[in-house]
Amino acid sequence: NTDKLCCYYFFQSNKTLGEFIIENQNAFQYSSGELSRIINSIRLAAKVVSYKVNKAGLVDIVGAAGERNIQGEDQQKLDVYANNIFIQTLINREIVCGIASEENDDFITVEGSDSSHNNKYVVLMDPLDGSSNIDVNVSVGTIFSVYRRITPIGTPVTLEDFLQPGINQVAAGYVIYGTSTMLVYTTGHGVNGFTLNPAIGTFYLSHPNMQFSEDGNIYSINEGNYVHFPQGVKDYIKYCQLEEGDRPYTSRYIGSLVSDIHRNMIKGGIYIYPTSSKAPKGKLRLLYECNPMSFIVEQAGGKASDGFNRIMELQPTELHERVPFFCGSMNMVKKRFVYNIIYIAGCKT
Ligand code: P6P
């Protein structure tokens, strides 16, 4: 009963996502209501996908859909389902002029009844990140990024509207389908996390003003690729494992970007997906994985780089381009930089 009472008071006393959006709309410099409607649209799609993800084991929608996406990965049925839900929810509300997704080779020009070309925003997303974890009941996530278009309003959206540096993002966030479903997002005024109460289908503010600690003791990297890493990354991993000061760190790696970064934001840590001889440009996608996660990480006081440059200042050249990704607690990412400098000094000749 105590648990039920605590739960009752938590959900009654905490602000809902809808209330939060309304209260903060005016803080947003372009507060025309369209961005709020985009977040609301993502909120609705997240509830629908959460319901399916949490039923995946019971209904025959787990397992490859038999098609392969541009990444060369088998499309899991939930990938396809989540992609369709997020795209249709945005298109039906005619609030964006274009959409790009990891699951679609090209971007989508939204043609609405009243010509959606008049809408100001484009959305880029990874509809179900970490989908290889679905079959083994490990948490997965959705990642989204929102930009104002840069081509003239009233004209069809172009690739240029999507190939913007991350510093132009007006909003970014993720949904994590874990032990609970959370929506975490920023519009440039800090990071706030909302937990879904599935019993009534409402997101409540559960993690206000999320912040990375400057230091942490978790490093997240797929050490199975160790022999393929650059020497600077190998040296840093050995640094993490040294018995010295606050080390050795703890290694935690779920293999789901949203889950690994969400845990590190709460507990302190660094996530690394570097270049390797197997992935010369890294694995993660700049536009709909690294840029949105970097916006959140920076807004939470952390740092995000490709090992040498700030991720959000990189100028994209392709919709599905990959970049190396180092992000998390400020001092841990800076320390990682030192290993790059040593690596360059020592090995680049
Ligand atoms: P690896 C999932 O496929 C993903 O894109 C990220 O969510 C995750 O962090 C990474 O790839 C895992 O990749 O090569 O370690 O399995």
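The figures that follow rest on heavy atoms only: side chains count, while hydrogens, waters and symmetry mates do not. Indexing begins at 1, ligand by ligand and atom by atom, following the structure's order. This is a predicted model, so every value here is computed, not measured.
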Original post:
Shortest non-hydrogen contact from R149 to T151?
Top reply: NH2-OG1, 2.9 Å
Original post:
Judged by non-hydrogen atoms, does L284 sit under 4.0 Å from ligand 1?
Top reply: yes
Subject >> Aromatic Y204 / basic K15 pairing, under 6.0 angstrom, 45° off normal >> reply: no
Subject >> For E289, the ligand 1 atoms whose distance to one of its heavy atoms is below 4.0 Å >> reply: 5 (O)
Original post:
Does the N or O separation between K283 and ligand 1 drop below 3.5 Å for any pair?
Top reply: yes
Original post:
For ligand 1, which atoms sit closer than 4.0 Å to a heavy atom of Y273?
Top reply: 1 (P), 13 (O), 14 (O), 15 (O)
**OP:** State the atoms of ligand 1, each with its element, that fall below the 4.0 Å cut-off from a heavy-atom position in L257.
**Re:** 6 (C), 7 (O), 8 (C), 9 (O)
**OP:** State plainly whether the residues K303 and E298 are in salt-bridge range, i.e. N to O under 4.0 Å.
**Re:** no
Subject >> N222, portion touching ligand 1 at heavy-atom distance under 4.0 Å >> reply: side chain
**OP:** Please determine if R247 and E244 form a salt bridge, counting it only when a charged side-chain N lies under 4.0 Å from a carboxylate O.
**Re:** yes
**OP:** May I ask whether R285 places a heavy atom under 4.0 Å from ligand 1?
**Re:** no
Original post:
Based purely on interatomic distance, does Y271 place a nitrogen or oxygen under 3.5 Å from a nitrogen or oxygen of ligand 1?
Top reply: yes
Original post:
Minimum heavy-atom separation for L183 to I42, with atom names?
Top reply: CD1-CG2, 4.3 Å
**OP:** Give the intermediate values and the outcome of side chain to side chain contact (heavy atoms under 4.5 Å, CB included) for residues Y236 and I272.
**Re:** CA-CA 11 Å; Y236 180 71; I272 300 174; 3.8 Å; yes
Subject >> Closest heavy-atom pair and its distance - E318, L287 >> reply: O-CD1, 3.8 Å
Original post:
Looking at G130, which atoms of ligand 1 are within less than 4.0 Å of one of its heavy atoms?
Top reply: 2 (C), 7 (O)
Original post:
At the 4.0 Å heavy-atom cut-off, does S132 count as touching ligand 1?
Top reply: no
